[in-house]
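Structure, as structure tokens:
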Amino acid sequence: MIADVRKGEIKVPKFQRPFVWNDEQALKLVDSIARGYPVGSVLLWRTTEKLKSERELGRFRLPETDEMTPTKYVLDGQQRITVIYSALGAAAAETGFSPIYDLRKEEFATEPENREKHHFPLRFAYRTTDLLNFRTELQRLEDSGELQERLDSLIGAVTGYRIPVVELRDLSVEEVCPIFERINSSGTRLSTFDLVAAATWSQTFDLADHAQTISDELKPKGFAGITNETILKCISAQLISSVKKEDVLKLREQEEGKIESATSETKEALRKTIDYLQKDFGIQAMSFMPYDAHMICMRKIFSEEKNLTAVQNRRLRQWFWRTAFSQHFRGASEAFVTSSIGSAIAWILRGEGAADHFGQAPKADAIRSTKFHFRAAIAKAFVIALAKSGPRNITNGAAVDLVDALSTYNNKQYHHIYPQAWLKAEKITNIDSLSNICMLSASQNNKVSDTPPHEYLPAAINELASEAEGVFASNLMPSPEVTDYSTLTYDDFLAARSEEIARHVESLCNGDL
């Protein structure tokens with residue numbers, strides 16, 4: 001098997017998914033081989049048909065073969081073949097999985113930075129010179145006799161191991177793809193995307209390549225986090241107006257050309273969606289999207305209507321903010337998201353239904369009692385809602401860099417107005433209330449640190465002078481003209497700021513901002 005891989009006679013077809021095993025899975029495989037345990041059979045497709053594109057074997061670039069030499073494409077066993085070649089067949093200096101066998105502990109491990117004399121690199125097993133040199137070094141150890149016996153036993157087990165191989169012959173790529181699609185004997189299950197990509201693959205269309213192209217195009221815009229599964233749902237919504245798994249899998253049955261067209265239309269609509277998210281909502285990265293469903297629904301909207309009217313824009317804002325703050329898509333099933341696509345289009349594009357169908361703006365008490373956990377959708381909605389008010393640093397009045405603040409989550413950019421350490425020292429609870437969070441540049445955040453709020457806030461007001469009112473308003477904080485921050489209790493602060501936030505969020509949910 002190793003010889004065939006090295007000669008380029010065993011290759012991985014492009015419709016296969018990438019190598020996904022981790023080191024722990026790989027070590028278990030080599031341990032099973034050493035113990036003589038069965039590791040399953042390998043299924044190969046032997047053909048003289050040359051595919052236009054092939055995956056490498058893990059991290060290894062495989063040799064080219066001439067047009068007449070039969071190629072064995074891996075249909076099942078890619079992960080195992082890759083580990084075996086990397087562990088036993090690759091050159092010692094090549095990158096990739098390169099385990100050692102600790103002859104004293106009698107266990108496998110990934111190669112350490114400083115390999116000791118009793119650490120046997122498995123890549124020496126089939127390399128006579130390297131193996132002899134290792135044996136020579138081993139003889140210098142006090143327990144060399146016992147270690148030599150263990151090494152001989154390991155070499156015998158590895159070189160004597162046999163893997164069952166099944167070869168399919170005289171089949172076309174159209175016949176092979178459905179076979180691959182149905183095979184899933186490995187420990188890592190195929191995703192819905194893997195199944196659809198395999199079933200729709202042809203010499204002229206590769207869904208995985210198109211998904212990668214979409215991802216690459218969105219990356220410079222800050223949306224590198226969009227997954228293949230989300231892209232597939234967008235394509236499915238475009239083609240059959242559904243993201244339910246059983247419907248998405250039916251994409252495999254679509255006529256040739258339809259999924260290609262839907263993929264192209266999805267790509268264009270996604271560009272418009274992201275431009276809109278950045279310009280209208282200030283969202284600069286996928287990590288700030290409250291729900292993937294927002295992306296899926298908006299993409300469908302922009303595929304049907306490229307230029308929204310003022311009224312449609314207002315209804316889109318109402319839909320977005322209401323679904324975000326009401327956690328409309330929290331735990332939503334694929335069936336619910338599918339129905340939501342239709343209701344969103346009906347409301348936004350045609351005005352059918354009512355805004356209240358998508359939820360209402362949260363009241364002050366709800367805002368006050370909600371904790372700031374960034375992974376939560378409502379916290380992301382809160383952050384981008386803060387950004388819509390054009391926040392300025394409460395300490396020096398400088399504008400917060402919103403592109404930076406909404407590109408990569410950094411907790412140094414989100415500050416507890418009443419500092420955590422101070423609140424803990426005062427044994428005050430509800431520290432992480434949304435109403436206690438504002439945007440603040442990292443440098444100013446560090447400057448404030450754990451300074452008591454009754455000291456730094458009045459000092460900031462004094463330094464800001466006539467600008468204090470505008471700076472505090474930009475952070476949705478109670479007016480310094482009518483609020484004595486030198487004596488304001490935490491509870492009173494939360495109550496007052498919750499009301500300010502609630503009014504702002506209500507304006508957003510009404511589509512006014």
Side-chain angles (χ1 to χ4, degrees), residues 280-283 288 290 294 310-311 313-328 347 354-374 376-394 397 399-400 402 405-406 413-418 430-440 453 457 460-461 464 466-485 488-513:
D280 204 274
F281 298 112
I283 299 174
F288 285 83
H294 282 124
V311 173
N313 272 311
R314 180 185 178 88
R315 289 197 291 255
L316 175 54
R317 291 195 294 269
Q318 290 174 329
W319 169 83
F320 179 86
W321 291 112
R322 286 169 184 260
T323 52
F325 275 104
S326 69
Q327 302 182 79
H328 185 73
W347 166 248
D356 286 349
H357 172 76
F358 305 106
Q360 297 180 336
K363 302 299 182 184
D365 287 346
I367 293 171
R368 178 177 179 175
S369 62
T370 301
K371 288 189 175 182
F372 182 82
H373 295 298
F374 184 73
I378 195 167
K380 296 178 183 181
F382 172 72
V383 166
I384 56 180
L386 283 182
K388 289 293 287 185
S389 65
R392 298 162 63 186
N393 288 326
I394 54 177
V400 173
L402 296 178
L406 296 180
Q413 295 169 327
Y414 305 99
H415 171 65
H416 289 74
I417 299 173
Y418 276 51
N430 200 16
I431 294 172
D432 297 321
S433 167
L434 288 182
S435 300
N436 191 33
I437 303 296
C438 73
M439 285 187 175
L440 190 67
L457 287 172
I461 293 168
L464 292 168
S466 62
E467 292 188 40
E469 187 73 13
V471 170
F472 274 54
S474 74
N475 288 285
L476 308 177
M477 292 174 62
S479 167
E481 292 184 1
V482 297
T483 304
D484 185 357
Y485 278 94
L488 187 65
T489 67
Y490 184 57
D491 280 344
D492 287 343
F493 167 73
L494 290 183
R497 189 167 188 244
S498 295
E499 293 290 347
E500 297 288 341
I501 294 171
R503 281 191 286 272
H504 176 67
V505 171
E506 185 174 16
S507 294
L508 292 172
C509 290
N510 288 335
D512 297 332
L513 299 176

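Side-chain atoms of Asn475 come within 3.5 Å of backbone atoms of Arg392 as a donor-acceptor pair (strictly under, hydrogens ignored). In terms of modelled atom types and a separation under 3.5 Å, the side chain of Lys388 and the main chain of Asp280 share a donor-acceptor contact. When atom types are taken as modelled, the side chain of Ser474 and the backbone of Ser389 share no donor-acceptor pair closer than 3.5 angstrom. Between the side chain of His504 and the backbone N or O of Ala385 there is at least one donor-acceptor pair closer than 3.5 Å.
Side-chain contact between Leu508 and Phe320 is absent, with no heavy-atom pair separated by less than 4.5 Å. At least one side-chain heavy atom of His294 sits less than 4.5 Å from a side-chain heavy atom of Trp319. Counting only heavy atoms from C-beta outward, the side chains of His416 and Ile437 approach each other to under 4.5 Å. Val400 places a side-chain heavy atom less than 4.5 Å from the side chain of Asn393.
Of the inter-residue distances, the one linking Arg314 atom CZ with Asp512 atom CG reads 4.5 Å to the nearest 0.5 angstrom. Here the CZ atom belonging to Arg497 is positioned 12.5 Å from the OG1 atom belonging to Thr483, to the nearest 0.5 angstrom. Ile283 contributes atom CD1, which lies 12.5 Å from atom CG of Leu402 (distance to the nearest 0.5 angstrom). Rounding to the nearest 0.5 angstrom, the gap separating the OG1 atom in Thr370 from the CD1 atom in Ile378 is 4.5 Å. The line from CG of Asn510 to CD of Gln360 is 10.0 Å long, rounded to the nearest 0.5 Å. In this structure, Met477 CE and Leu457 CG are separated by 5.5 Å, a value rounded to the nearest 0.5 Å.
Closest of all the heavy-atom pairs between Arg322 and Ser326 is O-OG, 2.6 Å. Gln318 and Gly511 make their closest contact through CG-N, 3.6 Å (heavy atoms, listed as atom of the first residue, atom of the second, distance). Contact between Ala324 and Ala381 at its shortest, heavy atoms only, is CB-CB, 3.8 Å. Phe472 and Pro478 get closest at one heavy-atom pair: CD2-O, 3.8 Å. Taking each heavy atom of Pro480 and Tyr485 in turn, the nearest pair found is CA-CE1, 4.0 Å. Shortest non-hydrogen contact noted between Cys438 and Ile394 is SG-CD1, 4.3 Å.
Taking the six-membered ring where the residue is Trp, Tyr490 and Tyr418 present tilted rings, their angle falling between 30° and 60°.
Residues Tyr414 and Phe382 place their aromatic rings such that the two centres sit no closer than 6.0 Å. Aromatic rings from Phe374 and Phe288 are positioned such that their centres are separated by under 6.0 Å. Residues Trp321 and Phe281 bring their aromatic ring centres within 6.0 Å.
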Worksheet item: Can Leu513 and Arg317 be said to form a side chain to side chain contact (heavy atoms under 4.5 Å, CB included), step by step?
Response: CA-CA 8 Å; Leu513 299 176; Arg317 291 195 294 269; over 6 Å; no
Practice prompt. Please report the C-alpha distance between Leu434 and Ile501 in whole Å, then the side-chain angles of each, then the deciding distance to 0.1 Å, and finally whether the side chain to side chain contact (heavy atoms under 4.5 Å, CB included) criterion is met.
Written response: CA-CA 9 Å; Leu434 288 182; Ile501 294 171; 5.6 Å; no
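Arg368 and Asn436 share no donor-acceptor pair across their side chains, judged by distance under 3.5 Å alone.
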